Amino acid sequence: MKEITPGLFVGDDSECFDEERSDWAVVHACKEPCHSRAISVQDEAATGEQSALVIERGSHLYLNMLDPERPRISPLLFQTAVQFLRTHVPERKVLIHCNAGDSRAPSIALAYLAGEGKIASDSYDSAEEEFLELYPDFSPGSGVFAYFQNAWSDLVTIGQS
């Protein structure tokens, strides 16, 4: 687990936890095992795209997020994650994790930091360059990379009016 800015951490599955901790919030950016485990106990009344992709339970956000070769990433995943971070980062430590900690989790952190003006936001290339100084292990999969190339301006304006 690496703290990339005060209170914001990026990690892998080995740092994952599901229990409530008053001083932590967690974004689980992986289908397996986290989202699948969360959906197995999800209320059967919750259906549709929202619950198939995103489950928020207390201070935990479970994302059905894959890193495919082609960009088939739903904007809902990033929108929800960035809003979750905006809510929780000011009041507690937040861990964003994915399976290996090198693509999905740091990509959420990058989008959040750019949207908050903490790193460059004018282009994905400039944002990535600054982000690599904070998190040198960032190695986006080809799907995440293509998604950022195509949707960058939408990503950095999530929730802004």
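These numbers come from a predicted model, not from an experiment.
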Side chain to side chain contact (heavy atoms under 4.5 Å, CB included) evaluation trace for Y62 with V27: CA-CA 6 Å; Y62 299 90; V27 176; over 6 Å; no

Mind running side chain to side chain contact (heavy atoms under 4.5 Å, CB included) on S107 and F138 for me, showing each step along the way? CA-CA 8 Å; S107 69; F138 181 48; 4.2 Å; yes

Quick one, Y147 with F78, criterion side chain to side chain contact (heavy atoms under 4.5 Å, CB included). Give me CA distance, side-chain angles, the key distance, then yes/no. CA-CA 11 Å; Y147 180 75; F78 279 97; 3.6 Å; yes

Does the pair V54 and N64 meet the rule for a side chain to side chain contact (heavy atoms under 4.5 Å, CB included), with working shown? CA-CA 6 Å; V54 175; N64 184 352; over 6 Å; no

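Atom CD of E129 sits in a sparse spot, with 12 or fewer heavy atoms from other residues, nucleotides or ligands closer than 6.0 Å.
Annotation: side-chain contact (heavy atoms from CB on, under 4.5 Å) contacts of E32 (sequence neighbours excluded): S36. Partners of S103 under the side-chain hydrogen bond (donor to acceptor under 3.5 Å, both in side chains) rule, at least two apart in sequence or in another chain, are D67. Legend: residues meeting side-chain contact (heavy atoms from CB on, under 4.5 Å) with Q149, ordered by chain and number and at least two apart, are Y124, D125, F145. Every salt bridge (charged side-chain N to carboxylate O under 4.0 Å, His left out) that K93 has, sequence neighbours left out, goes to D23. Scanning for side-chain contact (heavy atoms from CB on, under 4.5 Å) contacts around A120 gives D122, S126, E130, with sequence neighbours left out. Evaluation of the side-chain hydrogen bond (donor to acceptor under 3.5 Å, both in side chains) rule for S14 yields D12 as partners, not counting sequence neighbours. With sequence neighbours left out, the side-chain contact (heavy atoms from CB on, under 4.5 Å) criterion links A109 to I4, L8, V10, I96, F131. Every salt bridge (charged side-chain N to carboxylate O under 4.0 Å, His left out) that R21 has, sequence neighbours left out, goes to E19. Contacts of D102 classified as side-chain hydrogen bond (donor to acceptor under 3.5 Å, both in side chains), with partners at least two apart in sequence or in another chain: none.
Results of the side chain to side chain contact (heavy atoms under 4.5 Å, CB included) test with H35 over L63, I55, L66 single out I55 as the only residue that passes.
Contacts classified as ring-ring contact (aromatic ring centres under 6.0 Å, His included) and involving residues 90-118 (residues at least two apart or in different chains) are given here: H28-H97. Every pair tested for salt bridge (charged side-chain N to carboxylate O under 4.0 Å, His left out) that includes a residue from residues 131-158 fails, sequence neighbours excluded, so the list is empty.
Considering every non-hydrogen atom in both A114 and V156, the closest pair reads CB-CG1, 3.7 Å. In terms of heavy-atom proximity, L110 sits nearest to A127 at CD2-CB, 4.2 Å. When all heavy atoms of R86 and G115 are compared, the pair lying nearest together is NH2-O, 4.0 Å.
Rounding to the nearest 0.5 Å places CD of Q79 at 11.0 Å from CG of L53. Rounded to the nearest 0.5 Å, atoms NE2 (H88) and CD (Q83) are 11.0 Å apart.
Between D18 and R37, at least one side-chain nitrogen of the basic residue sits less than 4.0 Å from a carboxylate oxygen of the acidic one, meeting the salt-bridge criterion.
The shortest distance between side-chain heavy atoms of I108 and M65 falls below 4.5 Å. In this structure, the side chains of P75 and L155 stay at 4.5 Å or more apart for every pair of heavy atoms. When side chains are defined from C-beta on, S59 counts as touching R92, because their heavy atoms get closer than 4.5 Å. In this structure the side chain of E116 never reaches within 4.5 angstrom of the side chain of S121, judged on heavy atoms.
With a 4.5 Å cut-off between side-chain heavy atoms of Ile, Leu, Val, Met, Phe, Trp and Tyr, the cluster of W24 takes in M1, F9, F17, V26, L95.
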